[in-house]
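Since the structure comes first, as structure tokens, the remarks are kept for the end.
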Amino acid sequence: MHSFVYNGQPSRVVFGCGAIQHLEREVDVLGAQRVLVLCTPEQLPLAEQIADILGNRAGGIFPRAQMHVPMETAREARDFAQRQGADCAIAVGGGSTTGLGKAIALDSGLPILAIPTTYAGSEMTPIYGLTEGGLKKTGRDARVLPKTVIYDPELTTSLPLHISITSAMNAIAHAAEGLYAQDRNPVMSLMAREGIAALTNAIPALHRNAVDLQARSRALYGAWLCGTVLGNVGMALHHKLCHTLGGSFNLPHADVHTVILPHALAFNARYVPEAMEEISRAMQGDAHQSGGKFAPSALFDLAQAHGAPVALRDIGMQEHDLDQATDIAVSNPYSNPRPIGKAQRAQVRLLLQHAFEGHRPEPTDDLD
């Protein structure tokens, strides 16, 4: 067993169908008196329900969260929170809303209570991201980790099937990279395997019945585990490429994670064979049988079989932008088991070409 350091992240998790009924209690635990509710425009009705539950403690709704957290939106939300005298922010929705809450907390230290309605996992991490001038910059800061997370599977039943599948694939990516992170540890590896198993079980069940509460619960449970992994260990090539493609080319967050994941894993596969085996084993015995397949192929098949995109060209990427995306990714790479600096530009560019075309990764593929 390799040497490791484990440092648990302090957060409170309330999980279960109907858990939203505990909202007032959880606000009391935080000692908040003036609560700002954050959401995207699409989530405004749910945000209004949250505000109604809070009654006179609701300090207004900011319904303009956006994908990849543009800096101008973050500044607008910070100013709004200050004008309202907020002493707590509730982020209801997906990663975009949680990210906006983090942007507010980064400057003000305002505590966040997250109510996820997707499987993004951002609510379990001290990682923030802001996009400015066409570049997405990420960082880690303990101030942005939500103090409390309320996971209520009933709040996810209205999530469209397409987004449910891609959001689940996004969560799997957190766990998959966690299995070969430079700072991995046995606790996070256990969570990663369990998270992958829960999500690969939930995806086919959701595809059969999008309002199946058992499947929704498994998916949200998996998202919690995978988000916890992301919050405790480092990111690698997959996340670097997704941050680049999302922040610089405004591609949909969960879709780009779904497309890139099999290719980033294939790129690293021969450098981390044990992690590939762990992913494959985690997928076995569930509703989707990997049958011991090459893990990148199994994940590609999982996405494709359930209607998720598998090609960058199908989610808005232009082929002529692949060179620029490659240059951005290799100019400031994340730690990765296989080198991904400027000397490896050609290999990373070929990876993106395969992802653009929707090529199914095979063990025999050679990017050298």
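Worth saying up front: this structure is predicted, and the values here are computed from it rather than measured.
- Take Gln21 and apply the side-chain hydrogen bond (donor to acceptor under 3.5 Å, both in side chains) test, not counting sequence neighbours, and it matches no residue.
- Under the ring-ring contact (aromatic ring centres under 6.0 Å, His included) criterion, no residue pair touches residues 101-129, with sequence neighbours excluded.
- Under the side-chain hydrogen bond (donor to acceptor under 3.5 Å, both in side chains) criterion, Gln49 pairs with no residue at all, not counting sequence neighbours.
- By the 4.5 Å side-chain criterion applied to Ile, Leu, Val, Met, Phe, Trp and Tyr, Leu190 is assigned to no cluster and stands alone.
- In terms of the side-chain hydrogen bond (donor to acceptor under 3.5 Å, both in side chains) criterion, His354 has no residue partners (sequence neighbours excluded).
- Between the CG atom in Leu36 and the CD atom in Gln82 there is a gap of 12.5 Å [rounded to 0.5 Å].
- For Asp314, there are no side-chain hydrogen bond (donor to acceptor under 3.5 Å, both in side chains) partners at least two apart in sequence or on another chain.
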In a table with atom names and distances, give each donor-acceptor pair under 3.5 Å that connects a side chain of residues 261-269 to protein atoms at least two apart or in another chain.
| residue | atom | partner | partner atom | Å |
| --- | --- | --- | --- | --- |
| His263 | NE2 | His359 | O | 3.4 |
| Asn268 | OD1 | Asn336 | ND2 | 2.7 |
| Asn268 | ND2 | Tyr180 | OH | 3.4 |
| Asn268 | ND2 | Asn336 | OD1 | 3.1 |

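- In this structure, Phe300 belongs to a hydrophobic cluster whose other members, linked by side-chain heavy atoms under 4.5 Å apart, are Val310.
- By the ring pair (Phe, Tyr, Trp, His ring centres under 6.0 Å) test, Phe80 is found to be paired with Phe62, residues two or more places apart in sequence or in another chain being considered.
- Among residues two or more places apart in sequence or in another chain, the ring pair (Phe, Tyr, Trp, His ring centres under 6.0 Å) test is passed with His257 by His238, His239, His253.
- Distance check, rounded to the nearest 0.5 Å: CD1 of Ile50 to CD of Gln43 gives 10.0 Å.
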For residues 224-233, dump all side-chain donor-acceptor pairs below 3.5 Å to protein atoms at least two apart in sequence or in another chain.
| residue | atom | partner | partner atom | Å |
| --- | --- | --- | --- | --- |
| Thr228 | OG1 | Trp224 | O | 2.8 |
| Asn232 | ND2 | Thr228 | O | 2.7 |

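- For residues 28-51, the set of pairs meeting the salt bridge (Lys or Arg N to Asp or Glu O under 4.0 Å) definition, not counting sequence neighbours, comprises Asp28-Arg57.
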